[in-house]
Amino acid sequence: VLFDPRDIILKSINFKKPAAEWIWQLAHATRALNRSEAATALGTAPGAGVAEALEQAARSDAFYGVRIDAVQSLGRLKPEESRAVLIGLLADQNVEVRVAAAGALGNLSRNAGAIQTLLQSARTDASFSVRQSALSAAARLKPDNAIEVLKPFLEMDSPNQSMRAVAASALEQIADDSLLPTVMELAKDSNDGIRQNALRALGTLGKGKPEVTDRLMAALHDSTAGDRIAGIIGLQRRRETPAIPALEQLAASEGVPNVVRAARAAVDALRTPAASAEPSNAEDLRNRIASLEKENQDLKARLDKLEKK
């Protein structure tokens, strides 16, 4: 049964069907939209044949968007059902599929073999988009000797220094204070992405060290909106309640909406005692921060295009 197969009705619907029906829809629906719906649904529809159906779609669907949906759903299955398939998809000819496969692998449980495969993709894939996705995924899986693993990527040449920026962001996930001198240096880098990722990483490093707080407070007055947002995020993650007046002043005087929203969200979070904060509130704040980070990246991309005209 296909409900509104041409997606004509404006709606939000949770259409529950057995896994077997979603599998049939994924294999036989003529419209990509309906196959995409099935691929997404199967990520949370356990049943016999689900992994096999998603693997088939990920490898051979006629529309690459359905393939990506299938890959992402594979990343939500049990690792033993999907890890080998996702590793195999890192060699797919389609760049977007390889990007999705790397990201999905990073969402599974830690596995030494998967980490090494991801790091190899991060070093050698022909697409830097795939390399970035693979490095970020490997960092999420917490590789052994993570500092030594990441250091070469901090020096890797790439378009717009994208690999260095991802490596700087990965340092945040390691949260090892031995990295503090390196991250403090990266927080002064001339590349926006590297500098801003380092500022966010300072939110988890050097707790109680005034020089770290001072660097984040200085970022609130930076001429680049991305740095101001990164400084806000870092202060919030460190729970720097003395920064509340400065954040309130920034929210009142700032002209960039993204920065205003980030400052207000940080003030709300800092005023909520950490021990008594509700999990749902914490999750909401994390989602708001992620949304603001994406908006900031989109804004920067638009500004870059305008500058090139």
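The shown structure was predicted, so the numbers you read here are calculated from the model rather than taken from an experiment. All residue numbers in this chain count up from 1 along the given sequence.
Screening residues 131-145 for salt bridge (Lys or Arg N to Asp or Glu O under 4.0 Å) gives R110-D144 as the qualifying pairs, with residues at least two apart or on separate chains. Applying the salt bridge (Lys or Arg N to Asp or Glu O under 4.0 Å) test to every pair with at least one member in residues 62-85, sequence neighbours left out, gives these pairs: R67-D92. Counting only residues at least two apart or on different chains, the side-chain hydrogen bond (donor to acceptor under 3.5 Å, both in side chains) pairs with a member in residues 112-130 are R98-D125. Each salt bridge (Lys or Arg N to Asp or Glu O under 4.0 Å) pair with one or both residues in residues 56-66, not counting sequence neighbours, appears once here: R35-D61, E55-R59. Evaluation of the salt bridge (Lys or Arg N to Asp or Glu O under 4.0 Å) test over residues 205-226, restricted to residues two or more places apart or in two chains, returns none.
A salt bridge links R271 with E248; the closest basic N to acidic carboxylate O contact falls under 4.0 Å.
Distance check, rounded to the nearest 0.5 Å: CG of L33 to CZ of F63 gives 9.5 Å.
Remark: the backbone N or O of L154 is paired with a side-chain donor or acceptor of R164 at under 3.5 angstrom. Without hydrogens or angle criteria, S169 side chain to A165 main chain gives no donor-acceptor distance under 3.5 Å.
In this structure, L171 and L186 have side chains that are in contact, with non-hydrogen atoms separated by less than 4.5 Å.
Residues satisfying the side chain to side chain donor-acceptor pair (under 3.5 Å) test with S190, not counting sequence neighbours, are none.
Under the side-chain hydrogen bond (donor to acceptor under 3.5 Å, both in side chains) rule, E254 has a single partner from R261, R264, R228, which is R228.
In this model, a donor atom of one side chain and an acceptor atom of the other lie less than 3.5 Å apart for S60 and Q56.
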